[in-house]
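Contents: one structure, followed by commentary.
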Amino acid sequence: MTKQNEFEKTEALFLKEGFQKKILDWFQEHKRAMPWRENPLPYYIWISEIMLQQTRVDTVIPYFHRFIEKYDTVEALANAEDETLLKLWEGLGYYNRVRNLKIAAGEIMERHVGEIPENYEDLLKLKGIGEYTAGAISSEAFGKKEIAVDGNVYRVMARLLGIREDLKKPAVMKKIKEEVRSLLPDVMVGDFNQGLIELGALVCIPNGSPRCGVCPVKDSCTAYKENLQEEIPLKVKKKERREEERSVLIFRHDGRYGIRKREEGALLAGLYEFYHEEGHYEGHLIEEWVENLGGKPLAIYPLKDKKFLFTHILWKLKAYVVELEAPLEDLLFLTREEIKMSYSLATAFRDYFEELGENDGL
DNA sequence: AAGACGGGGTT
DNA sequence: AACCCAGTCTT
């Protein structure tokens, strides 16, 4: 090895260790309190990581408390009722996560005698655990030397490295993962991973200007040095949502409301909802529609139009309360209290549901 | 490689 | 109104 190479290697190592220390020290000082950090059991880390997929920490915390209170072990989860799980997940979104959680619990019971596996490869085979989550669990719960690159880390690394490309491109993602892997310390890997993530959430933020003034690694940051913080990550035009016009009929009989369960495998699979169909209907068409469904409307009250956004769909909703002479067979007629207590209502209908409480005198 | 899959906070 | 969040699965 030449003198020059020796120096470069030594310097790189020095920089790398300095970087690791800066991240670890910053994390130790600034990490937020989270219930799963107080007692980082693998089970807690697993549940929290699944809930945290595409979901903010503050949103997750109350769900996490309710979930582990009800199901505190892998075995309990493996034997859980689907309906109860869905109710616990109500409003959190991406409902396949909780179905997969139960499936994975079964897999852990079968293949790993109820113990959450420690290795990346074993974790990756479990339902609902992808690259990020496998790395997060193995490093944070078991101290394995694995990367955990989430949306925060992609952004942080893109700025550090001055990458002015679409972060969705596989080649770019691969490059960033390799860079993170090369920076990984031998010990405290979990804290290092969480440090990069936390830095992205608190300092190297996605919206607004990053708080470079308080960043522990700004001296190593290409974006900071070249004033490219606003250019990186590169903004990419998103695909437009498709729009769907829908009309909702909120059937009422004897103070009870008609709801139905959504199909498995569909959007909002297994959740409950009010009756609705595609299309915007009003006036006498509503009455005809109800009669075609086999109902006799005593009165029809229109509610306010609403819009509801999904990631890929925009629902433009018209809604009516329909007072019926008799309940419809295809729907479940329940009181508001019963629905609130035991049925997981799709959030798209939440506002209408709440309004019903205010209009019980109608 | 691209689309499906929720809902909400922030700007 | 647009962005994006401690992503994964399916096609």
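Below, read A as the first sequence line, B as the second, and so on, with proteins coming before strands; counting in each chain starts at 1.
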Using whole Å, what does the distance between atom [atom2] of nucleotide [N] and atom [atom1] of [X] come to?
X        : N      : atom1 : atom2 : value
A:Lys237 : C:dA1  : NZ    : C1'   : 11 Å
A:Leu314 : C:dA2  : CG    : C1'   : 14 Å
A:Ile45  : C:dA6  : CD1   : C1'   : 11 Å
A:Asn152 : C:dA6  : CG    : P     : 4 Å
A:Leu124 : C:dG7  : CG    : C1'   : 12 Å
A:Met51  : C:dC5  : CE    : P     : 20 Å
A:Leu267 : C:dT10 : CG    : P     : 17 Å
A:Glu244 : B:dG6  : CD    : C1'   : 15 Å

- Query: Would you say the base of B:dG6 and the side-chain of A:Thr311 have a donor-acceptor pair closer than 3.5 Å?
  - Reply: yes
- Message: On the side chain of A:Thr347, is there an atom forming a donor-acceptor pair with the base of B:dG8 - under 3.5 Å, no angle test?
- Response: no
- Message: Does A:Arg350 form a salt bridge (charged side-chain N to carboxylate O under 4.0 Å, His left out) with A:Glu90? I'd like the steps, not just the answer.
- Response: CA-CA 11 Å; A:Arg350 173 67 43 190; A:Glu90 181 182 30; 2.7 Å; yes
- Out of B:dG6, C:dC9, B:dA4, minimum distance to the side chain of A:Arg242 belongs to B:dA4
- A:Asn207 has a side chain; which of C:dG7, C:dA6, B:dT10 sits nearest to it? B:dT10
- Does CD in A:Glu81 sit with more than 12 non-hydrogen atoms of other residues, nucleotides or ligands closer than 6.0 Å? no
[N] phosphate, OP1 or OP2: any side-chain N/O from [X] under 4.0 angstrom?
X        : N     : answer
A:Lys238 : C:dC3 : no
A:Ser48  : C:dA6 : no
A:Gln54  : C:dC5 : no
A:Tyr94  : B:dA4 : no
A:His312 : B:dG3 : no
A:Arg155 : C:dC4 : no

Considering only the [atom1] atoms, how many Å lie between [N] and [M], rounded to the nearest integer?
N     : M      : atom1 : answer
B:dG9 : C:dT8  : C1'   : 23 Å
B:dG6 : C:dC3  : C1'   : 16 Å
C:dA6 : B:dT11 : P     : 13 Å
C:dC5 : B:dC5  : C1'   : 14 Å

Are the charged groups of [X] and [Y] less than 4.0 angstrom apart, N to O?
X        : Y        : result
A:Asp305 : A:Lys316 : no
A:Glu179 : A:Lys175 : yes
A:Arg242 : A:Glu244 : yes
A:Arg246 : A:Glu273 : no

- Message: If you assign each of A:Arg32 and A:Lys127 to its closest nucleotide in DNA chain C, which residue comes earlier from the 5' end?
- Response: A:Arg32
- Message: Go nucleotide by nucleotide along DNA chain B from the 5' end; which of A:Asp58 and A:Thr55 gets its closest nucleotide reached first?
- Response: A:Thr55
- Query: Relative to the 5' end of DNA chain B, which residue comes earlier, A:Gln53 or A:Ile205, by the nucleotide with the nearest heavy atom?
  - Reply: A:Gln53
